Amino acid sequence: MESLLLRAYQRMYRAFGHQHWWPAESALEVCVGAILTQNTSWTNVELALCNLRHHQALDLAVLHSLEPKQLANLIRSAGYHNVKARRLKAFTSLIIETFDGQLELLFQEEGARARALLLGVNGIGPETADCILLYACSIPSFVVDTYTKRIFFRHSWINERASYDEVKQLCEESLSDSIGPHENRLEYWQDYHAQIVRIGKEFCRPKNPRCEACPLNELLPESGVKLSRSLSV
DNA sequence: TTCCTGCCCC
DNA sequence: GGGGCGGGAA
């Protein structure tokens, strides 16, 4: 499996180049974006981020002070705006109450503790927490998402019902000994997830996957054979 | 119409 | 494990 996941990365990297993720101007923007993009396409999130910035609301204290209704209106384009407004404020509450409003103090926590703190926030689950850790805190924590599971399952690298933590552990253990073409593990894992997203959006789609043109095509269990399991996951 | 880098609550 | 949350783009 080690060489398999490594070879997968090499193929994606060759096809797409370094993705330079996460696209954001600040660590806070990464955190906000990670919450807003839950089950939501990124283009809709960008509209919301743009709107927040335009209202000088891409700021911890401002976000914290806004009325839930006001905040929901600002992020309306991201969908689930009422629940996400609540989640954003739950996140700002953590930073303000635990770290005196200094987001950088979260970055200095030990990885496991930072993750536990994030998971303690209502509305932040494992994927959102790992995105914040990996892309905002610069703490290596592999991100697993629906794309990861779908791609891995279709390639028979995981069981269909594999849990989040199982897939995460598989990736972290498999990729710990190599850093690909990068400087370090952090950059490697950041780019690995970005490449996965690229594959998931452009090739390994829910319906009508484009296996023939996919950079991972040769890593299919039976190369060249069209998978019957093109739906679900 | 479907789909989108989830998560919580029942 | 099932339902609810949701606007925007294809």
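Keep in mind that what you see is a predicted model, and the values were worked out from it rather than measured. Convention: sequence-line order gives letters A, B, ...; per-chain numbering from 1.
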Can you check the [X] [atom1] to [N] [atom2] distance for me, whole Å?
X         : N       : atom1 : atom2 : result
Tyr164(A) : dG6(B)  : OH    : C1'   : 11 Å
Phe91(A)  : dC7(B)  : CZ    : P     : 14 Å
Lys201(A) : dC3(B)  : NZ    : C1'   : 12 Å
Ile75(A)  : dC5(C)  : CD1   : C1'   : 12 Å
Asn51(A)  : dG7(C)  : CG    : P     : 15 Å
Gln38(A)  : dC8(B)  : CD    : P     : 8 Å
Arg76(A)  : dG8(C)  : CZ    : P     : 8 Å
Asn208(A) : dA10(C) : CG    : P     : 18 Å

_Between His182(A) and Tyr9(A): side-chain donor-acceptor atoms closer than 3.5 Å_ = yes
*Answer yes if the side chains of Lys168(A) and Ser163(A) hold a donor-acceptor pair under 3.5 Å, and no otherwise.*
no
At 4.0 Å (heavy atoms only), tell me whether [X] reaches a base, stays on the sugar-phosphate, or touches nothing.
X         : value
Ile124(A) : sugar-phosphate
Ala34(A)  : nothing
Val144(A) : nothing
Val83(A)  : sugar-phosphate

*Which residue lies toward the 5' end of DNA chain B, Asn39(A) or Asn122(A), if each is placed at its nearest nucleotide?*
Asn39(A)
*DNA chain B: Gly123(A) or Asp145(A), which has the more 5' nearest nucleotide?*
Asp145(A)
_Among dG6(B), dC4(B), dG7(C), the nucleotide that comes nearest once only the side chain of Pro206(A) is considered_ = dC4(B)
*For side-chain hydrogen bond (donor to acceptor under 3.5 Å, both in side chains), just list the numbers for Gln108(A) and Glu104(A), CA-CA rounded to whole Å, side-chain angles, deciding distance to a tenth of an Å, and then say yes or no.*
CA-CA 7 Å; Gln108(A) 295 168 19; Glu104(A) 311 76 44; over 6 Å; no
_Just checking Arg86(A): does its CZ atom have more than 12 heavy atoms from other residues, nucleotides or ligands closer to it than 6.0 angstrom?_
no
Short side-chain N/O contact from [X] to OP1 or OP2 of [N], under 4.0 Å:
X         : N      : result
Asn82(A)  : dG4(C) : no
Lys207(A) : dC3(B) : yes
Asn44(A)  : dC4(B) : no
Thr37(A)  : dG6(B) : no

*Has the side chain of Thr40(A) got a donor or acceptor atom sitting under 3.5 Å from an opposite partner on the base of dG6(B)?*
no
*For this output row, return yes or no: ring centroids of Trp42(A) and Trp22(A) closer than 6.0 angstrom.*
yes
_For the P atoms, the ones on dC7(B) and on dG8(C), what distance do you get once it is rounded to whole angstrom?_
23 Å
*What are the two closest non-hydrogen atoms of Lys89(A) and Leu63(A), and how far apart are they?*
NZ-O, 3.4 Å
